[in-house]
2 protein chains.
Amino acid sequence: MKKINTDNKLQKIDTTSLVDRVEKSIIEFLTERNLKVGDSIPKELELSSALGVSRTVIREALSRLRMIGLLESKKKKGSVITSPDLISILGKSMDPRLLDDETLKEIFEMRLSLEIGMADFIVERVTEDDIKELRQIVANDPPRSFDTMFLIEEEIKFHGKLYEITRNETLKKFQKLLLPVFNYVHLSGLLKKPMINKRYASHKELVDVIETRDAEAFRNAMRNHLENHFSRLFG
Amino acid sequence: MKKINTDNKLQKIDTTSLVDRVEKSIIEFLTERNLKVGDSIPKELELSSALGVSRTVIREALSRLRMIGLLESKKKKGSVITSPDLISILGKSMDPRLLDDETLKEIFEMRLSLEIGMADFIVERVTEDDIKELRQIVANDPPRSFDTMFLIEEEIKFHGKLYEITRNETLKKFQKLLLPVFNYVHLSGLLKKPMINKRYASHKELVDVIETRDAEAFRNAMRNHLENHFSRLFG
DNA sequence: TTTTGTATTATGTATGACATAATACAAACT
DNA sequence: AGTTTGTATTATGTCATACATAATACAAAA
């Protein structure tokens, strides 16, 4: 009686490479042993003999973990656990040219969501200095400067400042990452609907609303400000 | 005249490893040559001699790119460019036990932002079937089931469904990733302020609002629904 | 024409060697 | 003593080589 496999249907065989599995093993090792930032992990040779694979494989796996900022290695010291910087990891692959269109569009939408949803953090944490700075940024706003490059620069500065006001570093870095994608989607013919350049709530008006510290009002103003983008997504 | 360095102050020396630089080189190579998904890259030995480093180093760099889903390698075929799955990359390091407290808190805040900010996508794309499903999820809602585990399960189901309604896969996967972090922050003593279990807008009420297809109203309702969390962050 | 075998090729894994940086500790000096 | 300097040691970083393995093309056999 030949037992090909237990349940009479072909089970898909493990196609993952040895390095993949070792990488996983090591991560599991870290979490299971509840190791924290600063703790050091076994030496390469120990891992090598513990897992029964060559040092080459161990090193490739560790190299990966180093890349995502989970480890840091020093000669003679060995490797210690570090807190990964999520954003810099994302940054490596968040290149508009390398992502597929659907993902790009979805990232575009995510940024819109964040921009509106972070209202509470903005109005809660904004300082007088922040407002002063915002006013400075939008100083040349009203006279409708039609220098596109200038407008874009202000756009970036203004929204960048908003993220800064949230005092949320992760969010801020995230936005820095999303920005190129956002611009790419905005400019390339990815969105079918045309760009209507109708003027909705201006940056200046947004500042006025922020000053009232009314989160709800700010959300609405921001939603209005972004209407150009939304109208390209929806009919 | 000894020229130590040009501008009379110690320049910080490049401490990055060879693999780091090779990794960067390869990514640059891809983008500069405008290579797209499906294109194949030079063989390991070609890269090795082109960059003047050993195959070991090349392989470590490629292994990293493979991990983040930027490449796929097959024996005999070589490596081809693939579209990286941002989320699965993040997943590798998005473990509450491995992130530092500040980052965890910031992720917590990001989720709150998204949840409120995605209102427009929800009301724009929600179908009758979606609403039916939501109603089913919240069916046991009003009688105040005090079985905590049950409540949590419903919580996850409900909010998960909301993300699904946005029809934004990236967002949805992102939420899946954020969820454990969110729960971790929520439960562990990371947030100083106590948890007041006052009842704000219920899930059922949220569904009612969704049915009106009024994004603004939904944002406000959701903000209200999340008040418990916000009040732990702010005073 | 289809199948089967075989050579080839590029990646996957293993091993051994040496370079290099960090560390500890002993030796030398003030 | 206390500081500096040298030296051995250790673990990671890099290199070279060899062989295993899967995918492919193509020839040989049925």
Side-chain angles (χ1 to χ4, degrees), chain A residues 10-27 29-30 33 35 37-84, chain B residues 10-27 29-30 33 35 37-82 84 92:
Chain A
L10 290 166
Q11 359 194 352
K12 86 176 102 179
I13 46 176
D14 188 17
T15 173
T16 59
S17 77
L18 194 48
V19 175
D20 289 329
R21 281 167 295 175
V22 167
E23 177 202 333
K24 212 172 158 198
S25 286
I26 296 178
I27 292 185
F29 176 85
L30 301 185
R33 306 266 290 239
L35 297 181
V37 173
D39 294 343
S40 56
I41 70 170
K43 311 308 170 198
E44 292 178 354
L45 286 175
E46 297 178 49
L47 288 171
S48 175
S49 64
L51 297 179
V53 299
S54 74
R55 189 174 157 229
T56 311
V57 170
I58 297 288
R59 279 192 56 79
E60 261 191 49
L62 292 181
S63 183
R64 291 176 169 190
L65 301 186
R66 264 195 300 276
M67 177 183 65
I68 66 175
L70 202 68
L71 291 180
E72 234 170 58
S73 308
K74 283 221 170 73
K75 286 170 182 170
K76 162 98 182 186
K77 288 265 322 180
S79 301
V80 299
I81 301 182
T82 54
S83 184
Chain B
L10 291 168
Q11 0 192 353
K12 90 176 92 177
I13 46 175
D14 189 16
T15 173
T16 59
S17 78
L18 193 49
V19 175
D20 289 330
R21 282 167 310 194
V22 167
E23 179 201 334
K24 212 172 158 197
S25 284
I26 296 177
I27 292 184
F29 176 84
L30 302 186
R33 306 264 291 240
L35 296 182
V37 173
D39 294 342
S40 57
I41 70 170
K43 312 307 169 199
E44 293 178 353
L45 287 175
E46 296 179 50
L47 289 170
S48 174
S49 64
L51 296 180
V53 298
S54 74
R55 189 175 157 227
T56 310
V57 171
I58 297 289
R59 278 193 56 79
E60 263 191 47
L62 291 181
S63 182
R64 291 176 170 191
L65 301 186
R66 262 195 301 276
M67 176 182 65
I68 66 175
L70 203 67
L71 290 181
E72 236 170 56
S73 308
K74 281 219 172 75
K75 285 171 182 168
K76 161 99 180 185
K77 287 264 323 181
S79 301
V80 298
I81 301 182
T82 53
K92 305 229 176 192

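Lettering follows sequence order; numbering is per chain, from 1.
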Quick one: do the A:Glu60 and B:Ser63 side chains pair a donor with an acceptor below 3.5 Å? yes

Under the 3.5 Å rule, do the base of C:dA14 and the side chain of A:Thr56 count as making a donor-acceptor pair? yes

Does a side-chain N or O of A:Arg59 approach OP1 or OP2 of D:dG13 to a distance below 4.0 Å, or not? yes

Between C:dT15 (P) and A:Leu45 (CG): distance, integer Å: 12 Å

Taking for each residue the nucleotide of DNA chain C with the nearest heavy atom, is it A:Lys77 or A:Ser54 whose nucleotide lies nearer the 5' end? A:Ser54

What's the CD-P distance between A:Glu44 and D:dA11, to the nearest Å? 10 Å

Whole-Å distance, B:Glu60 CD to D:dG13 P, equals 8 Å

Given atom NZ of B:Lys43 and atom C1' of C:dT9, what is their separation to the nearest angstrom? 9 Å

To the nearest angstrom, how far is B:Lys75 atom NZ from D:dC19 atom P? 17 Å

Candidate nucleotides C:dA22, D:dT14, C:dT13, ranked by approach to the side chain of B:Val19 - the nearest: D:dT14

More 5' along DNA chain D: B:Val57 or A:Lys76, using each one's nearest nucleotide? A:Lys76

Over how many whole Å does the gap from A:Leu51 atom CG to C:dA14 atom C1' extend? 15 Å

Restricting to non-hydrogen atoms, name the atom on A:Ile68 and the atom on B:Lys92 that form the minimum distance, rounded to 0.1 Å. CD1-CB, 4.1 Å

For C:dA17, take OP1 and OP2 only and decide whether either is under 4.0 Å from a side-chain N or O of A:Arg55. no

Shortest non-hydrogen pair, B:Ala61 vs B:Val22, comes out as CB-CG1, 3.8 Å

Separation of A:Ile58 atom CD1 from C:dG16 atom P, in whole Å? 16 Å

Please report the distance, rounded to the nearest Å, between CG in A:Leu65 and C1' in D:dT12. 15 Å

B:Arg64 side chain near B:Asp20 side chain, heavy-atom distance below 4.5 Å: yes

Atom OG1 of A:Thr82 and atom CZ of A:Arg66: how far apart are they, to the nearest 0.5 Å? 10.5 Å

